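Some notes on the structure that comes next.
Throughout, a chain's letter reflects where its sequence line sits, starting with A, and its residues are numbered from 1. Here the structure is a predicted model, which means the values were calculated and not measured.
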2 protein chains.
Amino acid sequence: MSKQPKYRQVADALRREIDNGTYPPGARLPSESELSARFDASRNTVRSGLGLLVTQGLVTSSQGLGYEVAKHEVFELNASRFEDLSFPQNGDAYSTDVTNAGRRPHQTFRVEIHPAPDDVAERLKVEPGSRTVLRFCHRFVDDVPWSTQATYYPSWLVEEAPRLAEPGDIEQGTTRYLAEHGTEQVGYFDEISTRMPTPDEARRLEIGAGVPVLLWMRTGYSDQRPIRCTVTTFRGDLNRMNYEIGDQAGRENEPQ
Amino acid sequence: MSKQPKYRQVADALRREIDNGTYPPGARLPSESELSARFDASRNTVRSGLGLLVTQGLVTSSQGLGYEVAKHEVFELNASRFEDLSFPQNGDAYSTDVTNAGRRPHQTFRVEIHPAPDDVAERLKVEPGSRTVLRFCHRFVDDVPWSTQATYYPSWLVEEAPRLAEPGDIEQGTTRYLAEHGTEQVGYFDEISTRMPTPDEARRLEIGAGVPVLLWMRTGYSDQRPIRCTVTTFRGDLNRMNYEIGDQAGRENEPQ
DNA sequence: TAGTGGTCTAGACCACCTC
DNA sequence: AGGTGGTCTAGACCACTAC
């Protein structure tokens, strides 16, 4: 055991007290000057310790108020049932889930012509930078930013299904709309990763320090080729994804 | 536009230079004192700026060496094909994938009797704290810690399949071994989330600041009930998960 | 030995919130 | 007005790496 630096001792002590319930979620921590006295350390040193906890997502701080133990309410998204990822029509999977949880959903929506980013182009099998229709959605729960979702459609598909490029909602859902125009999604490929947010994402999702994003990229296929690529960016502290695969009878049964 | 604090200006400037290739992945950044001169700021201020980039996972620092732009080599794990999550037998999915990528896999393994953690107990439909067999695995790629995996089996299952509780490998894989003893896994439920690592996880996975973990929890079912719960903790900067669902013909076809 | 980052201090001033 | 966190400085000393 080597001696820890003082700011780590501060962080570790506070972490223990948070874990053991001395400071439950939502509670306020002592002020920097109180901690400074308690640990016989300069204010800057306790700030380093608190900074550690902040970047680990355990506490948040705000000017004039103090440090508060973070609380997380996790929202679950069933990716394997999420048939229609599409968009802000009423009655979409997102709004339904949120409303069922007794929360208030809200989303903003826009459509753009956008050159395909490299990763999207690769998945859609189109040239990087070629024209795609981007349907973009910014989602909130009780006015808290929750996730952003960007779906890219290749331009050849827009010729078959022109409403993709029009600004309004597609009431029946884009997946159903596409099916009605001869392009049925028969399979998809999901990729999931995580990282710290870019400054841009941090701003849009109002993410504080210490909260990663969960990235979900879904590429949908007809029996011939890729027909869309959806990139969803979740606040990592508020969301969890799940997949139900195979027979789930054993899951719903009662124990014994 | 409000004026940014100086340490953010430092961080933003360096971020831009990293993004535009002035400092490519693996490159060394100028030293703190050089940056201090360049930005006309105290050493502590440029340290704050660099600290931001570190906690965002963009750069790493080491004493005596300097700051280096982080580089990520992502490993892809196909969760929907990963039939046998089980364990360090030779020829398991993990070793195979790693070897195929021209890298050297390595894993340590242990078996314990362990009281069920609350979240696991809930999923296995057993009493919290009741006896479970824990098969634990710590995985490396080229000696870099990659992930940890803990699988919990309920004690009733161990009576039917006693080798679960024995220390050694199960050559044919635990899933196959279970099937041979009358308990076939017919479905599973996957949950995926992300957060910053605990100090414990940071130590085991040698995670630096600014790198989140990707958490994967798989609960497997027979046609009757839950038979196992596997908790995998990945280094978020090195791993990506994916799922293939439905018909994938459109994915493999060539464009046009 | 020289240069790098890591820790720590003491103090100044600012911005924000509550009363 | 008084307390909170946010920014910034100047300087000291330590620990690690390279040569």
Side-chain angles (χ1 to χ4, degrees), chain A residues 1-14 18 23 26-70 199 202-203 206-211, chain B residues 1-15 18 23 26-70 199 202-203 206-210:
Chain A
M1 274 302 122
S2 61
K3 184 178 178 296
Q4 288 271 50
K6 204 183 269 188
Y7 77 94
R8 281 187 189 280
Q9 297 178 26
V10 173
D12 289 347
L14 291 173
I18 290 169
Y23 302 110
R28 275 228 10 223
L29 257 44
S31 72
E32 292 179 350
S33 51
E34 286 176 282
L35 293 171
S36 177
R38 169 177 165 194
F39 290 102
D40 185 33
S42 77
R43 186 176 158 227
N44 281 334
T45 300
V46 312
R47 275 181 67 78
S48 298
L50 289 164
L52 261 191
L53 300 183
V54 169
T55 61
Q56 291 167 353
L58 235 74
V59 308
T60 60
S61 70
S62 29
Q63 216 172 30
L65 287 175
Y67 291 84
E68 191 169 297
V69 181
R203 192 171 37 74
E206 291 174 23
I207 290 184
V211 176
Chain B
M1 275 301 121
S2 63
K3 183 179 179 295
Q4 288 272 58
K6 205 184 271 188
Y7 76 96
R8 282 190 187 279
Q9 298 177 26
V10 172
D12 289 348
L14 292 173
R15 173 185 281 277
I18 290 169
Y23 302 111
R28 278 230 5 228
L29 257 42
S31 72
E32 291 179 349
S33 52
E34 287 176 284
L35 293 171
S36 177
R38 168 177 166 193
F39 291 102
D40 185 32
S42 78
R43 185 177 158 227
N44 281 333
T45 299
V46 312
R47 275 182 67 78
S48 297
L50 289 164
L52 261 190
L53 300 182
V54 170
T55 62
Q56 291 167 353
L58 233 75
V59 308
T60 60
S61 70
S62 29
Q63 216 173 31
L65 288 175
Y67 291 84
E68 192 168 295
V69 180
R203 194 172 34 74
E206 291 174 22
I207 291 185

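- An OP1 or OP2 oxygen of C/dG6 is reached within less than 4.0 angstrom by a side-chain nitrogen or oxygen of B/S61.
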Mind listing the N/O atom pairs, protein and nucleotides 14-17 of chain C, below 3.5 Å?
unit_1, atom_1, unit_2, atom_2, d
C/dC16, O4', A/Q63, OE1, 3.3

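- Under the side chain to side chain contact (heavy atoms under 4.5 Å, CB included) criterion, A/V211 pairs with A/I207, A/D237, sequence neighbours left out.
- Summarising the geometry of B/L29 relative to B/L50, their closest heavy-atom pair is CD2-CD2, 3.9 Å, with the distance given to 0.1 Å.
- To the nearest angstrom, C1' of D/dG3 lies 16 Å from CG of A/L29.
- Protein atom CD of A/E34 is 11 Å distant from nucleotide atom P of D/dG3, rounded to whole Å.
- Note: CG (A/L35) to C1' (D/dG5) measures 12 Å, nearest angstrom.
- Atom-to-atom distance recorded for B/E68:CD and B/Y23:OH is 13.5 Å, nearest 0.5 angstrom.
- Residue contacts shown for B/S62 are limited to sugar-phosphate atoms, with no base heavy atom under 4.0 Å away.
- A/L35 CG to A/Y67 OH: the interatomic distance, rounded to the nearest 0.5 Å, is 9.0 Å.
- A distance of 10.5 Å separates OG1 of B/T55 from CG of A/L52, quoted to the nearest 0.5 Å.
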Might you list the N or O atoms of the protein lying below 3.5 Å from N or O atoms in nucleotides 8-10 of chain D, with each pair's distance?
unit_1, atom_1, unit_2, atom_2, d
D/dC8, OP1, B/K6, N, 2.6
D/dC8, OP2, B/K6, N, 3.1
D/dC8, OP2, B/Y7, N, 3.1
D/dT9, OP1, B/K6, NZ, 2.9
D/dT9, OP2, B/S42, N, 2.8
D/dT9, OP2, B/S42, OG, 3.1
D/dT9, OP2, B/T45, OG1, 2.4
D/dA10, N6, B/N44, ND2, 2.3

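- In this structure, the side chain to side chain contact (heavy atoms under 4.5 Å, CB included) partners of B/S62, at least two apart in sequence or on a different chain, are B/L65.
- Of the side-chain N and O atoms in A/R47, one or more sit less than 4.0 angstrom from OP1 or OP2 of D/dG6.
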Taking only distance into account, with no hydrogens and no angle test, what donor-acceptor pairs under 3.5 Å do side-chain atoms of residues 37-48 of chain B form with protein atoms, sequence neighbours excluded?
unit_1, atom_1, unit_2, atom_2, d
B/R38, NH1, B/E17, OE1, 3.3
B/R38, NH2, B/E17, OE2, 2.8
B/S42, OG, B/N44, N, 3.4
B/S42, OG, B/T45, N, 3.2
B/S42, OG, B/T45, OG1, 3.2
B/R43, NE, B/E32, OE1, 2.6
B/R43, NH2, B/E32, OE1, 3.1
B/R47, NH1, B/E32, OE2, 2.7
B/S48, OG, B/N44, O, 3.2

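- Note on A/S33: a side-chain N or O is less than 4.0 Å away from OP1 or OP2 of D/dT4.
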Between side-chain atoms of residues 8-15 of chain B and protein atoms elsewhere (two or more places apart, or another chain), which donor-acceptor pairs fall under 3.5 Å?
unit_1, atom_1, unit_2, atom_2, d
B/Q9, NE2, B/Q4, O, 2.9
B/R15, NH2, B/Q56, OE1, 2.5

